[in-house]
There are 2 protein chains.
Amino acid sequence: MRPVAKNIVSFLIAIIIGLFIWFSPVPEGVTKEAWHLLAIFVFTIIGIITKPLPMGAMALMGLTLITATKTLTLPEAFSGFNHSVVWLIVIAFFIARGFIKTGLGARVAYGIISVLGKSTLGMSYGIMATDLVLAPAIPSLTARSGGIIFPVVSSLCKAFGSEPHSHPRKLGSFLFLSAFQGAMVTSAMFLTSMAGNPLVADMAAKVGADINWGTWALASSVPGLLSLALIPLILYKMYPPELKATPHARQFSLDKLKELGKMKTQEYIMLTVFIILVFLWISGSWIKMSATTAALIGLCFLLIAQVLSWDEIIKEKGAWNTLIWFSVLIMMATYLNKLGLTQWFSEYVVSHLKGLDWKAAFSVLAVVYFFSHYFFASNVAHIGSMFAPFLFLSVALGTPAMYAALTLSFFSSLFGGLTHYGCGPAPILFGAGYVKVGAWWKFGFIFGVMNIIIWMFLGGAWWKLLGLY
Amino acid sequence: MRPVAKNIVSFLIAIIIGLFIWFSPVPEGVTKEAWHLLAIFVFTIIGIITKPLPMGAMALMGLTLITATKTLTLPEAFSGFNHSVVWLIVIAFFIARGFIKTGLGARVAYGIISVLGKSTLGMSYGIMATDLVLAPAIPSLTARSGGIIFPVVSSLCKAFGSEPHSHPRKLGSFLFLSAFQGAMVTSAMFLTSMAGNPLVADMAAKVGADINWGTWALASSVPGLLSLALIPLILYKMYPPELKATPHARQFSLDKLKELGKMKTQEYIMLTVFIILVFLWISGSWIKMSATTAALIGLCFLLIAQVLSWDEIIKEKGAWNTLIWFSVLIMMATYLNKLGLTQWFSEYVVSHLKGLDWKAAFSVLAVVYFFSHYFFASNVAHIGSMFAPFLFLSVALGTPAMYAALTLSFFSSLFGGLTHYGCGPAPILFGAGYVKVGAWWKFGFIFGVMNIIIWMFLGGAWWKLLGLY
């Protein structure tokens with residue numbers, strides 16, 4: 001009876017907090033719909049964390065409440081299923097399946113192990129290095145992390161016998177979490193490593209902070225490399241893999257590679273599709289093709305070549321699970337914004353900062369900007385609704401324009417690491433099933449604080465040194 | 001090698017026809033986008049019928065072509081996943097799963113068999129009678145057919161050991177197809193048995209044809225009952241069930257019911273949810289709750305009561321398969337209409353009918369209205385784009401207003417039976433897997449012709465007799 005009782009209590013807590021918000025007096029300037037949506041969102045998120053029911057069921061309940069209370073119309077409530085990033089995420093699961101199924105995943109994994117396999121820590125740095133090399137070239141964070149890093153890490157874990165339901169902590173939990181937090185950092189490091197970065201550079205120019213590709217890369221280099229260096233070390237200490245040293249891994253992987261023999265036709269096809277995908281993702285902005293369209297093309301090739309059967313597609317539970325819960329959360333976050341709650345919140349913060357010293361005021365603004373990402377399911381959406389007012393106010397209060405612009409720009413990627421729904425790769429890497437939601441959020445918060453300190457303070461010193469402000 | 005060669009040939013045929021349309025001169029008044037969409041739609045439909053790849057894979061290919069060629073924008077291309085009827089269809093699969101899983105389905109099935117089980121033909125009439133009784137009260141055809149009839153028929157087939165992959169023709173193919181074609185007829189029979197019916201009555205009033213609930217029911221009664229009587233008979237002859245007479249079924253089902261014993265808690269919960277659903281679907285128009293919202297509420301109850309686990313939801317392949325292919329087709333059909341192709345086509349037909357005798361002209365108009373449903377994935381969408389111009393022109397050409405209005409109104413339900421994507425129940429009952437796509441379309445056409453004759457000619461005589469025109 002214990003777990004049942006616990007489930008009932010945590011379900012009741014979510015309901016009570018939701019009801020409390022629902023019936024609280026609506027702050028001036030907030031519509032009733034926005035406030036009710038907030039209540040349902042908080043109810044859903046608490047339910048997702050305390051897990052009286054599985055995440056998908058909680059999300060479905062949130063969706064049901066939204067439509068049954070008419071907080072949103074039906075087309076609005078179902079609008080999350082329409083986001084192209086949601087379908088990029090779904091397709092990432094299928095591509096990973098093909099990667100693993102053909103044996104190409106195992107081959108690549110053994111290849112990596114044969115070079116870096118002496119220690120788990122080494123492998124985590126290897127993954128980050130791969131991500132860092134791809135980052136300047138692939139502006140779709142979801143494609144890079146979900147389409148390339150995800151299948152490789154999955155295969156790596158499989159090779160060591162670490163799977164979601166058997167020995168996740170052996171290797172997988174550590175590698176997935178460091179790959180995820182690493183991806184947040186690599187996204188922040190180049191003007192072209194995240195879809196929202198050109199957007200923030202554009203807005204920064206309006207306050208006179210001219211950030212070109214070189215400035216961006218130079219300014220991010222020191223804090224970025226420091227963050228990347230620390231993430232695996234901290235996780236290694238606080239969330240250690242059970243398997244640390246693997247002295248025989250090199251020989252083992254070479255033997256395995258020999259066992260695998262020559263590449264099979266299916267592997268060649270998969271490799272070709274993979275190369276096409278990387279090519280399309282890199283050239284996407286020139287040929288004006290979205291990352292999702294590219295992924296669709298790759299998936300069609302896999303289906304035509306019968307690398308994947310249609311039955312395998314519709315059996316891919318992880319994809320459908322993620323489709324449901326992430327679509328619902330992205331819909332909620334979108335409408336919290338569209339219904340004006342974000343704007344009201346921005347104005348509320350702003351109105352309380354007048355008269356403060358710029359250092360204090362900007363610290364508050366930046367930290368609020370960072371942690372308000374708990375209420376967003378997309379970096380770009382967060383940037384769109386909060387970046388400009390926060391930057392403009394910071395500068396108006398006396399913050400040096402370049403300092404404010406760089407800090408907020410980098411935060412616009414880094415805050416994606418707070419939750420398991422905060423940006424595209426989150427639902428994919430979380431959805432792999434190696435890390436529990438509690439640990440995911442805990443380290444999201446810890447690395448959030450670490451990144452704020454590294455980028456805002458150390459970064460600030462570095463930009464001063466560079467003479468950027 | 002044979003089937004592979006066949007697949008390649010049929011794939012090539014679909015490609016060639018698609019390319020032929022794509023590169024054909026675009027008719028005046030049609031945009032390039034609309035024409036290209038038509039080419040992709042025809043390619044997809046041919047592929048779905050000839051099946052070089054499974055239906056879902058063909059649909060995905062259509063989606064990919066649409067986005068890769070920029071025929072539609074990404075949000076437009078993914079807009080099918082946003083339709084609430086799509087999600088009602090998806091949820092119908094989950095509700096059916098719960099119905100079967102709890103054992104309630106078997107109990108209801110044995111109950112039906114104990115009364116009607118002497119012959120397969122008798123059972124098919126029993127299913128139709130149930131549908132007919134529910135029809136005036138449940139205006140969501142998808143809810144009625146997908147949420148109520150579908151799980152009952154599934155359980156009935158299971159009880160006789162007829163499943164999609166083992167002995168589908170024993171009982172299932174016949175029962176599913178007659179239930180489907182029957183649902184088209186029951187939808188046409190009452191002002192309140194299909195969501196689009198009040199819409200057509202509204203438009204009919206504009207040409208002076210005042211169709212109230214009573215007129216509608218009276219006018220439809222004779223052709224409706226005749227159609228319902230003929231459908232199982234024709235199928236029994238042309239698409240016979242392998243199991244026809246079941247003399248021992250009554251005793252067998254009574255034994256089985258005894259074996260099942262008292263109803264279990266899970267069954268009571270399922271029954272309660274079922275009753276709530278029927279209640280919400282019936283009262284939907286008064287309490288202003290959509291059928292999809294009602295279905296979501298029912299599903300939440302099933303999840304909370306753990307009648308269904310979340311894992312069972314995401315494992316429900318049929319639902320995800322249908323989600324993909326039906327969303328893509330409904331999106332294509334929507335944009336064929338939005339991009340003006342339907343309007344162009346209506347005008348094209350209209351411009352060729354001037355000067356004809358009204359009888360000839362109306363026959364052409366009505367038949368064109370009926371068969372153009374091959375290009376629609378929703379009755380309401382078809383009504384919205386073609387009903388008014390076709391009705392107005394018919395009357396302008398001299399057709400008696402009431403005759404034209406009634407014929408086109410009834411056709412607005414009946415044409416849903418042409419394809420496996422023409423209206424809400426189609427993907428669900430087809431998705432059950434008992435009927436091959438070729439047979440589905442063949443009988444769609446046959447019953448289409450039958451319904452045209454029965455409703456337009458016999459119906460016309462009946463309405464004359466009633467003094468309606």
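Chain naming here is simple, since letters A, B, ... match the order of the sequence lines and numbering starts at 1 in each.
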query = Passes side-chain contact (heavy atoms from CB on, under 4.5 Å), A/T292 versus B/F78? Steps please.
reply = CA-CA 11 Å; A/T292 306; B/F78 284 103; 3.7 Å; yes

task = Side chain from CB out, backbone as N, CA, C, O: work out which of these in B/I313 comes under 4.5 Å of a heavy atom of chain A, or both, or neither.
result = neither

inquiry  = What part of B/I287 gets within 4.5 angstrom of chain A, counting heavy atoms only: side chain, backbone, both, or neither?
reply    = backbone

ask   = Around B/F301, counting heavy atoms of other residues, nucleotides and ligands shown, do more than 12 lie under 6.0 Å from its CZ?
value = no

task = Mind checking the CD-NZ spacing from A/E316 to B/K317? Nearest 0.5 Å is all I need.
result = 13.0 Å

note = Scored by heavy-atom pairs under 4.5 Å with chain B, the best of A/L303, A/V86, A/N321 is A/N321

inquiry  = Is it true that, when you exclude A/K101 itself, more than 12 heavy atoms of the residues, nucleotides or ligands shown sit nearer than 6.0 Å to its NZ?
reply    = yes

inquiry  = Working note: B/W320 + A/V90, criterion side-chain contact (heavy atoms from CB on, under 4.5 Å); need CA distance, chi angles, decisive distance, verdict.
reply    = CA-CA 12 Å; B/W320 308 118; A/V90 167; over 6 Å; no

ask   = If you count heavy-atom pairs under 4.5 Å between each of A/A295, A/P75, A/S79, A/A57 and chain B, which one has the most?
value = A/A57

ask   = What are the two closest heavy atoms between A/P54 and B/W310, and how far apart are they?
value = CG-CB, 3.5 Å

request  = Identify which part of B/L299 has an atom lying under 4.5 Å from any heavy atom of chain A, answering side chain, backbone, both or neither.
outcome  = side chain

message = Using side-chain heavy atoms (C-beta onward) and a distance below 4.5 Å, is B/Q306 in contact with A/L53?
response = yes

ask   = A/I66, A/N82, A/L60: which one forms the most heavy-atom pairs within less than 4.5 Å of chain B?
value = A/N82

note = Answer key: most heavy-atom pairs under 4.5 Å with chain B among A/I304, A/L323, A/L308 is A/I304

message = Quick one: does any side-chain atom of B/K70 pair with a main-chain N or O of A/K288 as donor and acceptor, under 3.5 Å?
response = yes

request  = Kindly compute the distance separating CE (A/M58) from SG (B/C300), expressed to the nearest 0.5 Å.
outcome  = 9.0 Å

query = CG of B/L74 to OG of A/S290: how many Å apart, nearest 0.5 Å?
reply = 4.0 Å

